[in-house]
Each structure stands twice: as C-alpha cells, then as structure tokens.
Amino acid sequence: MDAADEMDIDAAADETGSPPSASGSLSTFLSELAALHRRSSGTSSSTNTSPPLSLASLTFLSSAASPSSSIFPRLAAAGLPASSLSAPLAASLSSAHHPLPAAVAYLRLLLAPASPLLSLFSPLPFLSLLLALRKSASSSAASHDAAAAANPSSGSGSGSGKGNHRNRKRKSHQQRQSQAAAPSLLPRALALLADAAGRLPLGEHPDARRSLVDTAAELAAFDVLVAVLGSGYYAEAMPDLVRALAPVALSGSRSAARAAAVEFLARKVVPLGVEGGEDGVRKAVGYLPRYLAAKAPEKSEARAMAVEAIVEVVRAMGQLEMEGFAGYVVAMAKGKAKGRLLAVDLILAMLPLLLPLEGDDCGLQEGSWGLKFVRVLVERCSDTVGGVRARALTNAAQALDVLSERGMEVDRLQEVMRIGNIGLGELLRLRCADDKAAVRKAALVLITKSIRLIGRPVDESLLSAMGAACSDPLVSIRKAALAAISEVFRNFPDERVTKEWLQAVPPLVIDSETSIQEECENLFLELVLNRVCQASNLNLNDDSNDMEEVFPKGTLDLLKSICDGEVAPCIKKICASLGKKKKLKPLLASSLQNIITISESLWLRGCKPIEMWTAPAGAWWLLSEVSSFAPKSVNWKFLSHHWKLLDNVGQDKGKVRPKGEPNSALWAVDRVSLLQTISNVSMELPVEPAAELAHSLLTRIENFDMNLSEVDAHVKSLKTLCKRKAKTAKEGETLILKWVQQLICKAVNILDEYIKETSEAAKGPKFFTPLSGKLKGRKDASAQKSMSHAVIAVFTIGSLILACPTANVQGVIPSLHTIITSGNSQPRPKNLAGGTVSFKELAPSLYIQSWDTMAKICLVDDKLAKRYIPLFVQELERSDLATLRNNIMIALADFYVRYTAMVDCYMSKITKSLRDPCEVVRRQTFILLSKLLQRDYVKWRGVLFLRFLPSLVDESEKIRHLADFLFGNILKAKAPLLAYNSFIEAIYVLNNCLGNGAQTESQGRGTDERSRSKRMHIYVSLLKQMAPEHLLATSAKLCAEILAAACDGLLNVDDAAGRAVLQDALQILACKEMRIHPNICTDNSEMDEECGDGGSTNATLQAAKGRAVTQVAKKNLIQIAIPIFIELKRLLESKNSPLTGCLMECLRTLLKDYKNEFDEILVADKQLQKELLYDMQKLDVAGKGKAKAAAAAAAAAAAAEAGPSGASPAVNGGGKRAADGSARATARSVLKEVNRNTPTPPLNSMSVPKVRSMLGVGGGGGSRRPAMLESVRRLEPFGSDDEN
C-alpha cells in the first residue's frame, strides 16, 4: 500500500478523534453517492466516466466499524440502485491515489448481507482490485528496503543542521506509520478476498479467475487458494492453480513461501485427484509432477530443490499415479540432455519410495520399477553428455547405500549393476579414464562406496585406472583417487593391490598440493607402518615353522614391496617427514627387530645353515630409514650380532656352500641397510664397540673386495662414526682426512699396478710356448682378480672424494686420464703407461668406472671440470656403451647444476640423447632434463622444445607417459604460451623442411601413414594446451605462414617435405581439437571444487568469452582463410596435386557448421561452392542411408527372432538409392554450371575479401614474383613467456 494512502487514513481518523458514528458517516456516503449518481445520469453515455469516491467515504466503507449490513437497505430507501456503486468503486480501484482502501471497501461490500453479487461484481473492477493488491505488496517491500538502506546506522549524517534533523525525524515517523499501516490493511484485504473467492461467480470469467490464482500465488495467500479449491469452479481453476504455484514451488531459494507452496500442492491439491473425482481434476493432478519436472531449472542447487518438491508431491500420490510418474521418469531418462540430468536425480530420490522396507530381493524383481530405475541409472553412467555421466555415477554411489540398507545381497547387487556384457568393474574402469573431470571424480567416489558394499577385490584393469587417476592434473581427482585406491587397499591387502597402491600413493608425497602430501603420509602411516607395528609383541610358538603363519597376513608381502627401486625414494621422503613430525613410533623399530629375530629363529629351527638365511625382504631397509628417529629403540646387541653374521658371510670366500645359496646381492643389500642403521644410532653406541666397528669398516674398505653397492655405505658409516665420536668437529675432520688419504694412496697403487701389468702384457713377446689348460686358467683368474680390485679401487676413490672433498687426488688423475682416453684413435706417447692399451675393449667395467670417478672429481674441482666437460660431451656422442652414455648423462646433469655456464653451450648435443637407441638412456635423459627445466636451470628455448616433441610418440610406453605429463601439466603451468609460439616451427621441423630455418632433423619425418599419425598426435597434444584465443591465432598463422606461403611460392609443393608440411597444416585445420565452440571455454572449468566460491561467475564469464571467440573465428574464416583456400585450390589443380582432395576435405570440415551461409562465404568462387555442397549432401545422405540400413537390418533380425513375417527382407537398399538420386541431381546442377562456359572469376575480381598480390618490379608477360599476404602477415603476435 502507498504511504500516502495510509497517511490520509490516519489523518482522517485523527481529525475525528474517534470512529465516526454510523448514521453521520453513512449519510455522508449516501449523499456523495447520490450526487455521483445524478451526475452520471445527467451526462451522455458516451462520456460516462464516474469520478472516484472520496477518501472519507472509502475510509468509512473499509473500516471494521461501518455497518455493512445496513448499507444496501439504506440505498434502497434512498432510491439508489445497487449498480450505482460499481462505477465509483471501479474508478477508485483504478485510481493511483487510494487503491488499497478501495479494494477493502469493495470486498466488504461484496461480502455484506443481502449484497447483490450479480449487480455489484464485474470482471474489470475485480482485476483492478487484484492489481491494487499486488502493487501494494510490492511497494511495501520496496519501502522497507529503502528505509533499511537510508538508515544504516543511527550515528551517520551528524552535523548537517537542525532543519535536516527534523526532516529526517518526520520522514522516519511517516515510514514507521506506513510500515505499521501496511500490515493492517493488506492482510485484511487478503482475508476478505479469501472469504469472497468461494462466493464470486468466477466460473464464468476465466480471466478474472486466472488473475485471482496468480495474485494469490504471488502473495503466498494460500487461504485464498484453499477457498478456490472449495468453490464450485475449482475444476476449471485447477490448471491455473498448478501453473501459478509451479514457479513458487520450484524457486531456487529455501523460503517459507516455497515450503508452503510444496505443502499446499501435496496436502490440498493431490488429494483432489482421488478416484471418483472429476476427470479434469484427476488428469491435472496426475500430470502435476510431470509439469513440475518440465519446468525444473537447470542449475544444480535449484534442480536439487526442485527434485525435493517433486518427490514430496509424488509421495502424497497413490501407488498407481506414482508408477505412472515413474514411467515418465524412465522415458525422460532417454530424452534430451536436460531431462536426462533431472531424471537421474529423480531416480535417486524416488528409489526409496519404490522399494519395500524389507524383503529378500529388496523389491528388485524382474519388471519392478525399482529394478528399472537402477538399470536406467547405470545406463546413464555411459551417457553421451559428461554432466549426465557424472551425476549418474554420483547418484549410483548413493543408490548403493540405499540398497545396502534394505539388505540386498552382494550377488544380486552385482547382477543388477550389470548392463549387457559390461559389469560394474568394467564400467568404473571406463569412467575412471573419462575425458571429463567431473565424471572421473564421480567414478572414484563410486569405487570408494562400492568396494565396501560389494565385498570383493577389483580386477587388474580397474586397479590400473585408479593408479593412473592418482596422477591426474586436477587436485580434486587426485584426492578422490587417493581415497578410492586406499579404500581398496584397506579392504583387500593382497599382493597385487599392495603393489598398485605402493606405485600410486607414495609418489604423491612430492605433489604440489600440501593437503595431498599430508593425506599421503597419513595413509602410509595407517596402512603400512601401523600394520608392521602389529608384529612387535609376537612370540614364537613351539610348533611354528612357517613365517606366513607367524606374522600378520600380508606383512611380509608389504615389507617386500616397499623396498622396490621405483617407490623407495618416495617412501624415504615419507619416513623422513613423519619422523620430523614425531609420528614414527619407537614401536615400529621394535617390530622390525622382532621380525628379523623371529625369521632367524625359524630358520635355525629347521636345522638349516645360517649362511643360507636372509632376513625378510625390506625389513633391514625400513629399519635403516626409521632408526634415525628412534635410535634408543634399536638394541646394540641385536646390531652387533647381525653385523658379525653378515660380515663373516660376506668375507667367507673359500668355504664350499651347499646348493641353493642365495644371491650375494641380497647379503650386500642387507649389509648396506645394517650399516645405515648403525650410522643412525652411532651416538648411542658404547665407545669400545664403536672403535672396534670403525677398525672393522676400515679394514673392509682397504681390502677392495666388496660389492660396489657396499662401498658407499662403508665410507659413509665410517665417516659418521668418526664425526660423532670425535671430541671436536676439527678433530673429526682431521681423522676423516687421514684415513681417506690413506685409502686413496692404496687405491692409486692398485690402479697403477694394474695398468702396468696390462701394458707389459700387451708389450710381451708374440712367440711363446702355449700354456697348459690349468696354467692358463690360473693366469686368467689372476688377471680377472686384478681387474676386479682395480674397478673397486677406482669406485672407492670416487666415494672417498665425495665424502671428503678436500682430499688430494692429483696422483690419480693421470691414471684416470690414461684409461678414459684409451678408447681414442689418436696416437699417444708410447712411454706413457697404458698408452697402447684400449681399456674400453680389454676392461669395459674399469673404463666405465673411470669415467664415473672422473665425474665425481670434477664435481669438487671446477678447474678440472672446465678441462674435462668437453670430453664428457664428446664421449656421450660417440660411445657405443649404453651404460656409459647413461652415466655420463647423469654426470652432465650434475654439472649443469654446479657449472651451468660451462654446460649450457652443449645443450644441443646433450638433447640428442633423447633419440638414443637405448630406452633406458632416453628415459634417463628425459627425466633429468625435465627436472632441470622444473628447477629453471634449463630454459625452453632453441631446439630444446623441438627435441622433446618426439618423446610424445616414443616407442616406450613409459617415456610417452612421462612426456604426456610434462606437456600436459608442467609445461602448461610454467610456459602456457610455448606451444602456441613454437607450433608453426614444429610443423616444419617434424617434416624436416629446412625452408623455415629448421635446425635439426626429425624422427617423425616421412609421408607414410604411420609417420603422419605420429606427427598428428604431437600436434593434437600441443593444441590441447592452448586457450581458445590461441587456437584462433594458430589457425590464422597456419593460413598465413603455410597455406599462403604455398600460394606465393615460398613453400615448394613439388618437394616431398613441402607437400608434407602443407598436408599436415590442412589436417590440423580440420581436426576437432582446432575447432572452436562456444562451450570450449566452459569445459576448462567444469569442476566446481577447482573454481571455488566464484565458480558460477567464472563459468558465465568463460561462456561469454567462448561466444566472442567463436564470432571472431567465423570472421577470420571469411576474411582470411577462404580467400587463401580459393587461391591454393587453383594452384593445386593447376599442378594436378594429390593434395587437392585433402584441401577439399579440410574445407568441408571447416564449413559444415555454416551450410546456410555458403552464399556469403564462397561468393568469390561459385564453382567451389557447388562442389562443396555436392560433397556434403552426398556424405549426409549416405550417412542417413547407412543409419536406415542398420536400423532395417536390426528390425529384420528382431523379426527373424520373433518368427516369420510378411515383411520384405530387401529393405537395406533404400538409403543407397536415395543417396545416389540426390547425388545425380546435384551433379546435373554442377555440370549445368560448368557448361555455361563461365570460368571461375580471378582473384583480383573479388568484391569481398580479397587476397592482395604484388607484381614483381619490371615483371611482364603475366609473370608474378612470390609474395606473402602482407595484410595477414601483419597479425600482432601474442606476448611470449619468460621461458622463450
């Protein structure tokens, strides 16, 4: 209600001081009405417009004190007809001054005793009354909002003067009066309207009836709607009522009006559709949930609330109506995408309604609606729309909970979730590798739920899919995959699940997301370390002989798996992080010692020799990792006993051992782990045992007879003992330097002695008496032993120099130089020891270890590194030993970190190892260079990016996987514009076309189908990294720098490489990754969790961006691409090039979305327009014909299964005949155009977009110099990254 109306009413009441008397006010009203009646009677009918009633009369009529029962008798006594009230009241209702008092007065007159409804009621005044009520409600809400906005705080606006203060006070008083008066009149008007709704003859006036229902629904006046349902015209009002309440019930906000609307529909409307009621009402009620489903919104939150409202209405229906709506939902699940999305939500919400509360089969008998719902839900998990698939998978996970609560058996659950030949496991495997992120996440959530319910292990393929999802680019997917595969491991810790879990989860400890790192550590602690701790209190029984029976199930397999070479570095990092956070319990170290001790006791109990015993795999290794954080939990007697045992077995060379001796490498690994454990707890060792142990370690090193894997451990342990047992740090360093220098001198003597012996043997006489077989064997064994000592000595020198960089190694450098240069063909001085011997052929292991040791020395000596780095690069290029190339690659990566400027100039040679014939070298090179790129030691410039591209199509699956991760994750984050800026150059380089400045040859060059498919895979991988605007610019660059270059002669299409470049460009323009759709931007932000709170706003902006890019793409197609295509087509036709077909196929792909705009786009070449239309029409008709033939064949097969029928089997030729007929008609049109002798217009006669040509200076006779399209060439490039 307007504030002015309320103020006038209050003013009138204040003037009288008390309610006016009935006689006085009624007399005044009758006098005014009589005057108005005389006035209207005296005027002509053409100008019969009655003025409105005065405010005093309206106030009297609308007040509760007015005697409404005596109004009409007094009118009759005064000789005034009842119809004399209609015109003034209608005018008052239509007036802008006092509509609400007029509405109350009109309703009170209609409800008055002896009121002549037929004379007083009219549709137009009634419509004005309803309009007045709606305006009053809206103005009241607006004034309330304005008051709140105008007076945010009582302290604002101080110091503006007394007059302004009085004005504000008066306005505030008026607003309070208005807000107090509005609730007094509007509710009265609605209450009167509810009383009048059932009495008014609205059945004859559909517009008034419809407006009444709309007004009541808008104002949430459900009393009015109840009165409508109780009236005689409720059947006619039912469709209007459903239509009016649907927007309120489906509103996206949880308001009181929405809740009341849903309750009204369920409690008041639905019961009217019972059997025996009117057909129209029953039909309207039956279609009520269908109507609500059709009007349901698309947004997720609003759709969820709409589903709640629909289910509430359906719950109030009978069984027959509920099943009818269930059939509608099943049909909707096979319709349009919007309906399918709503259907999967409705299926989940309605499933509890269709299932019995108890029963063996859970209500899923064949043909039941519950079974149909579950099958439809599983079918939608393979929907063509990603959003539907994701929602169906999410709802399927919740449906499993519903079914499990009803006590459904596992076998029946597996049977229900199977669609055709695809079971639940296969379905989940496919969805885990889906191209939509939301689908992958929903599938992983479903795995987490289903594993717990189904109660059986998953298959290998699904395990692999979950493991691959742990390296997904999206954080939310990795979290879901981590939870899913951990749930599988928690329930089924068998060997294959353990292996997959360890390969997928521990590497996440180096994830960029901190929450994932923490979750990975917690899961490892729960699922691995806590299980190992269960063995801490185990005791060996008298009758136990099998370790599998003694230890908890899966413990030994778990220990064996964690020491795998691929996951060991990650587990080391996890243990270190848990140790720093003090989460590693001392109980873990005790458990590992107990496992080793019990294993030894069981071995001895079987009367087996102790030399044959090995501890459970992984036990010593894990103890070495955790002992540094719990040193007091490791018993020195335990360590001393096993050190003596392992050390004695390692040194025992001459003893003859029984058959079946374990591999010595196992003993070596255990000794290394034991030494690491001793180093970790060295501070807790007694003084005398520590000194004895240090002497033993030094003796072992001096013998130079250990396995190479043990040397580093011995050196590090001896260094740790010296540092921790020395009184001062300086004393420790001096002691370390002393024994390091002593060991280096002995190692140099051994190496020099071997070089001397080898040189003398090479210089010996050629004619001598051949040795007997026994003597020859002794000599060969002696030479082999000498070479082994030399190899170990060289390796020990490298370990010592890294442990003590200050040691003097000048004495060993000449010997190492002699060995590493012995493979050169250049002549060397004969007086140099070993100068004429090729150690590469004679002792390749010594040759390789010498290079490794020289690399370690160079790491601590920059002057020596400056001299020898070129030799390392040279050996990397020409060596035929894959092991040496691999080791040199590792050394060069270390050099790059230490001496970046020295090595950077050799990057073009180093990257050639990405094409090494050995897979191990290629993979090692790829990993090392990728790490350098991540740490910014190497920049994406020069040939580096182009050398990495062939890794995307490498023969090794592991390298391809690494390359996909590099380009799809690391490169996309560090250099998002690199793929765009280097795309054109990559096309030239991959085809070995040197005309564009290519710097290297390519692996992917070739014109065969396999080479082209490899190149296309590389191009597609790069296109996937580009934003829509970069795709658009790339398309323009392809036209300008390749297609236009071919038109101008800069790219020779007669050359094989030039043709390959042109063909690749045409295929790229036609591929689906290059096509720009309006929704291409929104696909990049499909995960709400990744977007955060502003996900909806971001999606809207991305959608607008996608539409803008699409419009620009169309403009560029018309103005840039089409003119170049026309010119290129003429060139290829003139040369009879086989690429003409490729060009036409590209054009068909580009223009198939613009069939209705051919006249505009191809106005410059009508012939080309005809040809393209002909090709497209033939392809479309042929496709339809194939579809019809397939459908007919399926129908014939179904009919054959059902039985013989009179249908003709020859039904599969109609599609082909239709296609041929349409093709002949189009061909005649094309031939008619050709026979008119109207040639294709030349390029310079085009009226819309033209391709400029530049004539050569002095050129004549039609000769043209090749020129690029300058207008296209001047496209502004995008900004480049720092990496470029």
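Basis for what follows: all heavy atoms, side chains included, without hydrogens, waters or symmetry-related copies.
- Checked by atom type and distance alone, the side chain of Q741 never pairs as donor or acceptor with a backbone atom of A807 at under 3.5 Å.
- Judged purely by atom type and a 3.5 angstrom limit, R898 uses its side chain to pair as donor or acceptor with the backbone of L859.
- Contact detail for C575 and V626: the closest heavy-atom pair is SG-CG1, 4.4 Å.
- The number of heavy atoms from other shown groups lying within 6.0 Å of CG (L708) is above 12.
- Taking CD1 of I755 as the start and OG of S815 as the end, the distance is 4.5 Å to the nearest 0.5 Å.
- Using a 4.5 Å heavy-atom cutoff, the side chains of H641 and W636 are not in contact.
- Checking H642 against E600 by side-chain atom types alone, a donor-acceptor pair falls below 3.5 Å.
- Among all heavy-atom pairs drawn from M787 and A843, the shortest one is SD-CB, 3.4 Å.
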Evaluation steps, salt bridge (charged side-chain N to carboxylate O under 4.0 Å, His left out), between K581 and E521: CA-CA 11 Å; K581 297 175 182 178; E521 294 173 0; 2.8 Å; yes
Derivation and outcome, side chain to side chain contact (heavy atoms under 4.5 Å, CB included), residues L529 and L622: CA-CA 10 Å; L529 300 183; L622 185 58; 4.3 Å; yes
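- In this structure, the side chains of L928 and L892 stay at 4.5 Å or more apart for every pair of heavy atoms.
- Residues Q742 and K746 form a side-chain contact, since some pair of their non-hydrogen atoms from C-beta on lies under 4.5 Å apart.
- To the nearest 0.5 Å, the span separating CG on L743 from NZ on K738 amounts to 12.0 Å.
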Test side chain to side chain contact (heavy atoms under 4.5 Å, CB included) applied to I736 and L718, step by step: CA-CA 8 Å; I736 293 171; L718 183 57; over 6 Å; no
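- L932 approaches A893 most closely through the heavy-atom pair CD2-O, 4.1 Å.
- A side-chain N or O of N680 and one of Q676 form a donor-acceptor pair less than 3.5 Å apart.
- Closest non-hydrogen pair, V860 versus P805, comes out as CG1-CB, 3.9 Å.
- Using a 4.5 Å heavy-atom threshold, the side chains of L816 and W851 count as separate.
- In this structure, D557 contributes its side chain and E495 its backbone to no donor-acceptor pair below 3.5 Å.
- Interatomic distance, W739 CH2 to H695 NE2, rounded to the nearest 0.5 Å: 14.5 Å.
- Summarising the geometry, atom CD belonging to Q924 is positioned 10.5 Å from atom SG belonging to C918; distances are rounded to the nearest 0.5 Å.
- Of the possible polar contacts, none joining the R531 side chain to the T555 backbone as a donor-acceptor pair under 3.5 Å is found.
- Relative ring orientation between W501 and F524 is described as parallel, the plane-to-plane angle staying below 30° on a 0-90° scale split at 30° and 60°.
- Using a 4.5 Å cut-off on side-chain heavy atoms (C-beta onward), L587 and S591 make contact.
- A donor and an acceptor atom, one from each side chain of W613 and S599, are located under 3.5 Å apart.
- For F638 and W620, the ring centers are positioned less than 6.0 Å apart.
- V903 has its side chain within reach of I910: a pair of non-hydrogen atoms, C-beta onward, lies under 4.5 Å apart.
- Using a 4.5 Å cut-off on side-chain heavy atoms (C-beta onward), V669 and W621 make no contact.
- Checking side-chain atoms of N707 against main-chain N and O of S709 turns up a donor-acceptor pair under 3.5 Å.
- Residues L721 and S682 come closest through the heavy atom pair CD2-CB, 3.6 Å.
- Using a distance-only test at 3.5 Å, with no hydrogens or angles considered, no donor-acceptor pair links the side chain of S673 to the main chain of S624.
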Side chain to side chain contact (heavy atoms under 4.5 Å, CB included) between M854 and F872, intermediate numbers included: CA-CA 10 Å; M854 182 62 78; F872 279 97; 4.1 Å; yes
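- Using a distance-only test at 3.5 Å, with no hydrogens or angles considered, a donor-acceptor pair links the side chain of T758 to the main chain of Y754.
- Note: N749 CG to K756 NZ = 11.5 Å, rounded to the nearest 0.5 Å.
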Side chain to side chain contact (heavy atoms under 4.5 Å, CB included) between V505 and L527, intermediate numbers included: CA-CA 11 Å; V505 175; L527 301 177; over 6 Å; no
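- The backbone N or O of S590 sits nowhere less than 3.5 Å from a side-chain atom of N594 that would complete a donor-acceptor pair.
- With a 6.0 Å radius and a threshold of 12 heavy atoms from other residues, nucleotides or ligands, E731 has its CD atom above the threshold.
- Side-chain atoms of S717 and S679 include a donor-acceptor pair closer than 3.5 Å.
- For the pair M902 and F895, the minimum side-chain heavy-atom distance is 4.5 Å or more.
- Pairing each heavy atom of L929 with each of M889, the nearest pair is CD2-CE, 4.4 Å.
- Side-chain atoms of S627 come within 3.5 Å of backbone N or O of L623 as a donor-acceptor pair.
- At least one donor-acceptor pair closer than 3.5 Å links the side chain of H789 to the backbone N or O of K785.
- The side-chain tip of K856 points at the ring of F795 from less than 6.0 angstrom away and within 45° of straight on.
- A distance of 11.5 Å separates CG of D894 from SG of C858, quoted to the nearest 0.5 Å.
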